[in-house]
*Asks:* 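Mind having a look at this structure? Questions to follow.
Nothing here was measured: the structure is a model prediction, and the numbers come from that model.
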Amino acid sequence: MQRQLANMKQSLFDQGYLDEQFIQLEELQDDTNPNFVEEVVTLYYRDSVRLIQNIENALDKNPLDFAKLDSHMHQFKGSSSSIGARKVKIECTQFREYCRAGNGEGCKRTFQQVKKEYATLKKKLEAYFQFARQAGPVEKACRPK
């Protein structure tokens, strides 16, 4: 089971969903807090609901307030970076570039992609953590190949 878990995690890196920050979180996990990474990721998803709602509300305004949109996305990108959500972070960067260019259609289109990557990663991480609980404690966090 540990081998399957390692392969599952590796595929998240290979497919570009996670980056080095996820490994750094795992390195902070120890016997005193064996569910640290799952707790951090759970907090990310709980807190990001508000950020996503703020962005949706700002995208509904006419005219668009690009400074406000950029500020909201900056917060969301920072939260996403903190758990190693690579694809989400990339889409956030694209969204912010559209904000700086004053491209409302680009913002709206990219936001749909942000939400798609966010939902996909959530589903994959939920499956990963569920499998990790079944597999039991792992010896030590290790960097992917």
*Asks:* Among residues at least two apart in sequence or on other chains, which ones pass ring pair (Phe, Tyr, Trp, His ring centres under 6.0 Å) with Tyr45?
*Replies:*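 So Tyr45 forms a ring pair (Phe, Tyr, Trp, His ring centres under 6.0 Å) with Tyr118.
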*Asks:* Quick check: do Lys9 and Ile23 have side-chain heavy atoms less than 4.5 Å from each other?
*Replies:* yes
*Asks:* Rounded to the nearest 0.5 Å, how far does CZ of Arg96 lie from CG of Asp70?
*Replies:* 4.0 Å
*Asks:* Give, for atom OG of Ser82 and atom CZ of Phe22, the distance between the pair rounded to the nearest 0.5 Å.
*Replies:* 11.5 Å
*Asks:* Could you tell me the separation between the CD atom of Gln2 and the CG atom of Asn7, rounded to the nearest 0.5 Å?
*Replies:* 11.5 Å
*Asks:* Under 4.5 Å between side-chain heavy atoms, hopping through other hydrophobics if needed: is there a path connecting Val41 to Leu28?
*Replies:*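 Linked, Val41 and Leu28 end up in one cluster.
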*Asks:* Got a sec, which residues hit side-chain contact (heavy atoms from CB on, under 4.5 Å) with Lys68, two or more places apart in sequence or on another chain?
*Replies:*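 side-chain contact (heavy atoms from CB on, under 4.5 Å) list for Lys68, sorted by chain: Asp65, His72.
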*Asks:* Ignoring hydrogens and angles, tell me if any N or O in the side chain of Lys87 forms a donor-acceptor pair with the backbone of Gln15 under 3.5 Å.
*Replies:* yes
*Asks:* What verdict does the side chain to side chain contact (heavy atoms under 4.5 Å, CB included) test give for Arg86 and Tyr17, after you've listed the backbone C-alpha separation in whole Å, the side-chain angles of each residue and the deciding distance to 0.1 Å?
*Replies:* CA-CA 5 Å; Arg86 184 178 172 273; Tyr17 288 104; over 6 Å; no
*Asks:* Is there a path of hydrophobic side-chain contacts, each under 4.5 Å between heavy atoms, that joins Ile90 and Phe13?
*Replies:* no
*Asks:* My understanding is that only residues two or more places apart in sequence, or in another chain, count here; which of them pass salt bridge (charged side-chain N to carboxylate O under 4.0 Å, His left out) with Glu38?
*Replies:* Arg133
*Asks:* Does any donor atom in the side chain of Glu39 or Asn35 lie under 3.5 Å from an acceptor atom in the other side chain?
*Replies:*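 No, no side-chain donor-acceptor pair sits under 3.5 Å.
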*Asks:* Report all side-chain donor-acceptor pairs from residues 98-110 shorter than 3.5 Å, counting only partners two or more places apart or in another chain.
*Replies:*
residue: Asn103; atom: OD1; partner: Glu105; partner atom: N; Å: 3.3
residue: Asn103; atom: OD1; partner: Gly106; partner atom: N; Å: 2.6
residue: Thr110; atom: OG1; partner: Gly106; partner atom: O; Å: 2.8

*Asks:* Please check if Met1 and Met8 belong to a single hydrophobic cluster, counting links between Ile, Leu, Val, Met, Phe, Trp and Tyr side chain heavy atoms closer than 4.5 Å.
*Replies:* yes
*Asks:* Sub-3.5 Å donor-acceptor pair from the side chain of Gln21 to the main-chain atoms of Ile83, do we have one?
*Replies:*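 Absent.
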*Asks:* Is there a side-chain contact between Val114 and Met73 in this structure, where contact means two heavy atoms from C-beta onward sitting under 4.5 Å apart?
*Replies:* yes
*Asks:* Who passes side chain to side chain donor-acceptor pair (under 3.5 Å) against Lys77, sequence neighbours left out?
*Replies:* Thr93
*Asks:* CG of Leu18 to CD of Gln10: how many Å apart, nearest 0.5 Å?
*Replies:* 10.5 Å
*Asks:* How many angstroms lie between atom CZ of Phe111 and atom CD of Gln94, to the nearest 0.5 angstrom?
*Replies:*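 Result: 15.0 Å between the selected atoms.
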*Asks:* Quick one: closest heavy-atom pair of Ser79 and Leu51, and the distance?
*Replies:*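 Heavy-atom minimum between the residues: OG-CD1, 3.9 Å.
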*Asks:* Output a table of donor-acceptor pairs, distance under 3.5 Å, between side-chain atoms of residues 54-63 and any protein atom two or more places apart or on a different chain; print 'none' if there are none.
*Replies:*
residue: Glu56; atom: OE2; partner: Lys115; partner atom: NZ; Å: 2.8
residue: Asn57; atom: OD1; partner: Gln53; partner atom: NE2; Å: 3.0
residue: Asn57; atom: ND2; partner: Gln53; partner atom: O; Å: 3.4

*Asks:* Once you round to the nearest 0.5 Å, how far does OG1 of Thr42 lie from CD of Glu126?
*Replies:* 8.0 Å
*Asks:* Check step by step if side chain to side chain contact (heavy atoms under 4.5 Å, CB included) holds for Leu12 and Leu125.
*Replies:* CA-CA 9 Å; Leu12 291 172; Leu125 285 175; 4.1 Å; yes
*Asks:* Under 4.5 Å between side-chain heavy atoms, hopping through other hydrophobics if needed: is there a path connecting Phe131 to Phe36?
*Replies:* yes
*Asks:* Ignoring hydrogens, what is the shortest heavy-atom contact between Leu121 and Ala85? Give both atom names and the distance.
*Replies:*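 Leu121 and Ala85 have their closest heavy atoms at CD2-CB, 3.4 Å.
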*Asks:* Can a donor-acceptor pair be found between the side chains of Tyr44 and Ser80 at a distance below 3.5 Å?
*Replies:*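 A donor-acceptor contact under 3.5 Å links the two side chains.
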